[in-house]
Protein chains: 2
Amino acid sequence: MSVTIEDIAKEARVSVATVSRVINNSKAVSPELKKRVNDVIQKRNFKPNSLARGLIMKKTNIIGIIVPDISNPVFGALTRGINSFCQQKGYTLMVCESGGQQEKEIELLGVLADKKVDGVLFAGVDVNSALVEEMKRKRYPIVLVTQEASEGEEVIHTVIHDNVKAMYDATSFLIENGHQKIALICGPENDYSSGQKRLNGYKVALKEQNIEVPDSYIEHGDFSFESGYECMRKIYEENSALPTAVMVCNDAMAIGAIRFLKTTKVSVPADISIMGFDDLEFGRYFSPELTTVRISYFDEGLKAIKTLFKLIHQQTVPVTQFIPHKIIRRISVRKI
Amino acid sequence: MSVTIEDIAKEARVSVATVSRVINNSKAVSPELKKRVNDVIQKRNFKPNSLARGLIMKKTNIIGIIVPDISNPVFGALTRGINSFCQQKGYTLMVCESGGQQEKEIELLGVLADKKVDGVLFAGVDVNSALVEEMKRKRYPIVLVTQEASEGEEVIHTVIHDNVKAMYDATSFLIENGHQKIALICGPENDYSSGQKRLNGYKVALKEQNIEVPDSYIEHGDFSFESGYECMRKIYEENSALPTAVMVCNDAMAIGAIRFLKTTKVSVPADISIMGFDDLEFGRYFSPELTTVRISYFDEGLKAIKTLFKLIHQQTVPVTQFIPHKIIRRISVRKI
DNA sequence: TTGTAAGCGTTATCAA
DNA sequence: TTGATAACGCTTACAA
């Protein structure tokens, strides 16, 4: 078996307590003993068993993260931001995938409790009061990231981009560029932050300018390329008066939408402008280059994990924190 | 604090041993006691502390995975395949990011040892003998995935697609379509499986047909969109006789390459055919739709984790296992 | 079938 | 400053 603290103690002719003290330099140990112990530790390549340690210290240096889909680049970037900080602080990341199903999310919250993680980052889809109740019951701190709670008061700390404002800005940008007939390919209706809130920002911007829009201008997709394609097809087929611009709630659907339009005779951006959301890297290499709203999910993850650390160390943090967004003008939107 | 096995024992008026037996149904327990215990467990929502359990059982139900970059869709899909199986088996995934640096990889191998993981999936860049030695020293089983060892005998179990054959097939496909002047945008030279091996497959296919290619037809990128763009630029600028096809070692670089060609007057596929590798989803939505070699990284991850499980349960498994690849014909390659 | 008690590898308390 | 020794929460001989 691996070498234990007792082996070290024996070989260094001291007590296990002393070895422990050296490891954690918790209390003063005389220099000579310290050196003797350290030498043996080095020589035997001793690493304290983190299970035993966690058992008594009630601290594992493990952070849990729950995301709907690991292979989604948005959550990839988020995870990378989180991990960059964890690694530097000596924490490890336990990654769980929920598929966006609430039942699974609740189960995973339990799994992470079992694993005695020090804290959890949660990227959900619809964080309703049932979920919030479940979270409040856990003994570990939780930070919502990418998604705020959809019901009740704000009781769980949250790091997020301002979806309403971002969509408001994006839609206003289209309006400023002369567009009045602006359709929307939105996220799922059950997705609070990235579905409902974004829809909201769009509506507010239009209303502010007294622009009316037919219901047939609004479609709900599921953030996949495919659904962007489908939604665009519906808008195209169901409207004799085509929009001059389509605001799309993520880049993947935006590209799906453009792909559909390539099967028709309307061209982007000459006939219809398309605006995306996220600013994933491929948007820059697409043609036409995608105008979009940049969200740095890396930064969002980073801010979330920093917040979680503060919570773990009992510091006070504002309940809701926003990270900035930015309009990225490229080719797929034109001024009319 | 959370409820312990002792609390349960007390409340069910039995010994902790009995409770433990019920939990693990290790030994026969009389039905009545079993029910009594289970009721209390249910009622108090008791979950055995996995640290204490891991400490004594030398088993944590945690699998470690080391990848260069979590946000890369290839490793995203890989991780998802791995996770799908783990979740169903009651295992959790500890995800570590190495940035592809050997030093970091070795460190992470140690971190995972500390965490007492039951096994590790390793997706490296250059698994040389130093790394292999390090791996052999660990007490947990390791499966290489996406990358084989570059030196010495095959001692570590490996699940991978056949890079040589895949590139051989892809290049042959281009030849069959009438191309003779075939350039290559390859992976990094220090990347054994995805760099050197793929280069090899390309060369073998050409040699077999006695096709000679100038050095200026071969460029090394780093798998990023940007580097695909740059490599294509070099090939374009350094060859008065342009190739009629370019084999590109991943889809991202292929799209970067096409992007560059759009800045020139040569068109794809009319003047130059472009073939990618990986078959990521966006390639289907790009224009022209990308002809590519499909590798299912999800399946590769799945097979790797299944292999690791067999190893964990001391079953014998072939040292090297391949997952299949497939040529996907789309628009970006044309017959001449 | 059930219970008692000895670990598992640490840290923390309390004397010395 | 150091060393016994009691936790931490569980599993598993060994006894009963």
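Keep in mind that what you see is a predicted model, and the values were worked out from it rather than measured. To find a chain, count down the sequence lines: A is the first, B the second, and so on, and within it residues start at 1.
- Listed nucleotides dT11(C), dT12(D), dT10(C) differ in distance to N49(A); the shortest reach to its side chain belongs to dT10(C).
- Positionally, the nearest nucleotide of DNA chain C for V16(B) lies more toward the 5' end than for the other of V16(B) and A52(B).
- When rounded to the nearest whole Å, the span between CG of N61(B) and P of dT11(D) equals 12 Å.
- R139(B) places its CZ atom 13 Å from the C1' atom of dG9(C), with the value rounded to the nearest Å.
- Using a 4.0 Å heavy-atom distance criterion, L33(B) is classed as a sugar-phosphate-only contact.
- K115(B) approaches N61(A) most closely through the heavy-atom pair NZ-O, 3.7 Å.
- Distance L51(A) CG to dC8(C) P: 14 Å, rounded to the nearest Å.
- Dashed line: the shortest gap from a side-chain N or O of T18(B) to OP1 or OP2 of dG3(C) is under 4.0 Å.
- Taking only side-chain nitrogens and oxygens, S30(A) never comes nearer than 4.0 Å to OP1 or OP2 of dT1(D).
- Per the geometry, CD1 belonging to I56(A) stands 13 Å off P belonging to dA6(D), to the nearest Å.
- With dG3(D), dG7(C), dT10(C) as the candidates, the nucleotide lying closest to the side chain of V14(A) is dG3(D).
- Closest contact between the side chain of A17(A) and the listed nucleotides dT2(C), dA4(D), dC8(D) involves dA4(D).
- When distances run from any side-chain atom of F46(A) to the nucleotides dT11(C), dT12(D), dT10(C), the shortest one goes to dT10(C).
- Exactly one residue among H157(A), Q315(A), Q321(A) makes a side chain to side chain donor-acceptor pair (under 3.5 Å) with T307(A). That residue is Q321(A).
- Checked against ring pair (Phe, Tyr, Trp, His ring centres under 6.0 Å), F85(B) has the following partners two or more places apart in sequence or in another chain: F309(B).
- Across all strands shown, K34(A) has no heavy atoms under 4.0 Å from either base or sugar-phosphate atoms.
- Rounded to the nearest 0.5 angstrom, E97(B) CD and K104(B) NZ are separated by 9.5 Å.
- Regarding K58(A), its NZ atom lies at a distance of 12 Å from the C1' atom of dC10(D), rounded to whole Å.
- The phosphate of dG3(D) has OP1 or OP2 within less than 4.0 Å of a side-chain N or O from S15(A).
- In this structure, F223(B) and D191(B) have side chains that are in contact, with non-hydrogen atoms separated by less than 4.5 Å.
- Checking the phosphate oxygens (OP1, OP2) of dT11(C), a side-chain nitrogen or oxygen of S20(A) falls inside 4.0 Å.
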